[in-house]
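Comments concern the structure below.
Order of the sequence lines fixes the chain letters, A, B, ..., with proteins taken first and strands second; residue numbering starts at 1 for each chain. The basis for the numbers below is simple: all heavy atoms, side chains too, and nothing from hydrogens, waters or symmetry mates.
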There are 2 protein chains.
Amino acid sequence: MLNMRSSSDLTTRARIRNAALELFGIHGAGQVSIRAIADAAGVSPALVVHHFESKEGLRRACDAYVTGLIRGEEDDDPLQYPAELAALLRDSVPVRRYLARAFLDGSADAAAIFDGFVEVTQTWLEEGRHDGTVRPTDDPRARAALYVAWQLAPLVFDTHLARVLGLNDPYEPDSTLRIMRAGLHMLTHGVFADGHALAAWTTAQAEEDSA
Amino acid sequence: MLNMRSSSDLTTRARIRNAALELFGIHGAGQVSIRAIADAAGVSPALVVHHFESKEGLRRACDAYVTGLIRGEEDDDPLQYPAELAALLRDSVPVRRYLARAFLDGSADAAAIFDGFVEVTQTWLEEGRHDGTVRPTDDPRARAALYVAWQLAPLVFDTHLARVLGLNDPYEPDSTLRIMRAGLHMLTHGVFADGHALAAWTTAQAEEDSA
DNA sequence: CAGCATGCTAAACGATTGTTCAGCCTGCTT
DNA sequence: AAGCAGGCTGAACAATCGTTTAGCATGCTG
């Protein structure tokens with residue numbers, strides 16, 4: 001039944017999907033042809049269609065694969081454990097890039113993933129607030145949403161962050177660690193020492209309202 | 001010399017560029033054909049090439065246009081004034097989308113823009129530190145870089161943020177304002193009440209080092 | 001007035017695209 | 001042994017792609 005004619009231990013179908021995931025993530029789905037994917041996977045273009053019906057089907061399969069990775073193996077799981085999730089996004093560069101593009105392209109799966117992140121984050125922050133480890137806020141929803149967007153920002157801007165930090169490889173651990181440390185520092189001690197920024201924004205807002 | 005045969009007050013060349021900017025921003029350059037741009041601008045496909053030499057040239061022109069908007073009219077300006085810049089990114093949806101994609105696609109102009117943002121932000125934060133309005137940090141570079149990435153995050157995730165906040169239109173002012181307020185709150189008062197998050201990360205880091 | 005550059009179009013070019021088709025090979029089943 | 005299902009390929013399909021060409025119209029310049 002199983003025809004393992006490749007040297008890899010992966011199914012041919014999986015190899016095609018992985019190749020597509022990587023190329024889609026790097027160049028965007030529109031810039032990648034079925035032939036390029038077939039070449040990268042070492043198969044014929046016809047086989048790609050044979051396994052995934054169409055290019056759209058292949059893109060959906062990539063979406064489903066990434067969604068599965070993030071949701072975890074069990075279907076009833078809303079989300080992976082945060083630690084495993086962080087490790088996943090840290091280690092797999094193709095998944096990072098694909099996800100970043102999916103968020104921008106507005107795919108339904110990416111939207112569901114984002115919503116899941118926000119839900120988990122909001123309850124987590126709420127729990128921390130009860131414990132006293134997280135500061136209260138008058139807009140928990142907006143805070144959770146923005147917190148998620150901020151956590152995902154390095155996923156989109158990793159190239160630029162690494163370049164600004166003077167690192168050649170955007171994916172060497174040092175870059176990620178420095179960024180994480182700086183982020184935790186900002187979210188723990190804050191950036192603005194007093195309420196001047198908030199006040200300035202409030203007054204600017206009032207002026208705009210009156211205008 | 002000037003042949004204004006269109007009802008608009010824009011040059012035909014500018015209309016083509018604007019159409020390209022919008023379509024590129026929405027779908028990505030690879031998904032948009034010259035014919036689609038020509039249709040949107042109300043001209044023939046050949047005219048697009050006539051004005052911009054090639055599709056790549058059109059993409060470069062869009063890059064240059066956005067760069068010009070951000071840098072300001074004068075060439076010696078490193079960057080627009082923050083207020084005008086914020087207004088620009090707030091009001092022009094096509095520019096937002098185009099920029100977001102440019103950051104992800106890793107265009108050279110987008111990289112230069114990001115670097116400029118970081119430079120301005122870092123000196124601005126440094127000044128604030130001297131004034132006492134900004135808290136000190138042991139990694140000013142990483143903080144400035146991440147600050148920029150966080151400020152740009154809504155540009156990429158605006159659709160998702162608006163959806164999570166229960167708003168239909170991602171670009172109605174309410175969405176932006178709520179997000180800005182939440183962000184300022186997080187950067188002023190912090191999110192974590194004590195050093196537990198930083199400490200947890202430090203110990204996890206130590207474990208990983210020893211492993 | 002002629003001459004010429006410029007804005008612009010219609011038509012067509014070859015290349016590449018996603019997709020289909022006919023058929024080969026392999027391994028399992030009966 | 002016969003037959004069949006499935007992985008897989010090469011060749012070809014029509015459509016669309018970016019680009020080129022020839023030519024029309026306009027308006028400036030000599």
Atom-to-atom span, [atom1] of [X] to [atom2] of [N] - whole angstrom:
X	N	atom1	atom2	answer
Gln31(B)	dT16(C)	CD	P	19 Å
Leu58(A)	dT17(C)	CG	P	15 Å
Lys55(A)	dT19(C)	NZ	P	8 Å
Phe52(B)	dC8(C)	CZ	C1'	14 Å
Leu47(A)	dC24(C)	CG	P	18 Å

Checklist entry - OP1, OP2 of dC8(D) versus side-chain N and O of His51(A): anything below 4.0 Å? => result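 Answer yes for this pair, as a side-chain N or O of His51(A) is under 4.0 Å from OP1 or OP2.
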Next on the checklist: With a cut-off of less than 4.0 Å, is there a side-chain N or O of His50(A) near OP1 or OP2 of dC8(D)?
Outcome noted: no
Checklist entry - Taking all atoms of both residues into account, what is the closest heavy-atom pair of Ala41(B) and Arg15(B), and its distance? => result O-NH1, 2.6 Å
Item to check | Glu22(A) versus Pro94(A), closest heavy-atom pair with distance | outcome: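 Shortest heavy-atom contact: CA-CB, 4.2 Å.
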Checklist entry - Hey, can you pull the residues of residues 32-45 of chain B with a non-hydrogen atom under 4.0 angstrom from DNA chain D? => result Val32(B), Ser33(B), Ile34(B), Arg35(B)
Checklist entry - In terms of the angle between their ring planes, are Trp150(A) and Trp150(B) parallel, tilted or perpendicular, with boundaries placed at 30° and 60°? => result parallel
Next on the checklist: Over 60° means perpendicular and under 30° means parallel, so tell me whether Phe114(A) and Phe103(A) are parallel, tilted or perpendicular.
Outcome noted: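 Perpendicular, since the angle between the ring planes exceeds 60°.
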Checklist entry - How many angstroms lie between atom CZ of Arg97(A) and atom CG of Leu23(A), to the nearest 0.5 angstrom? => result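 Going from CZ on Arg97(A) over to CG on Leu23(A), the span is 10.5 Å.
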Item to check | Ion pair check, Asp63(A) and Arg59(A), cut-off under 4.0 Å | outcome: yes
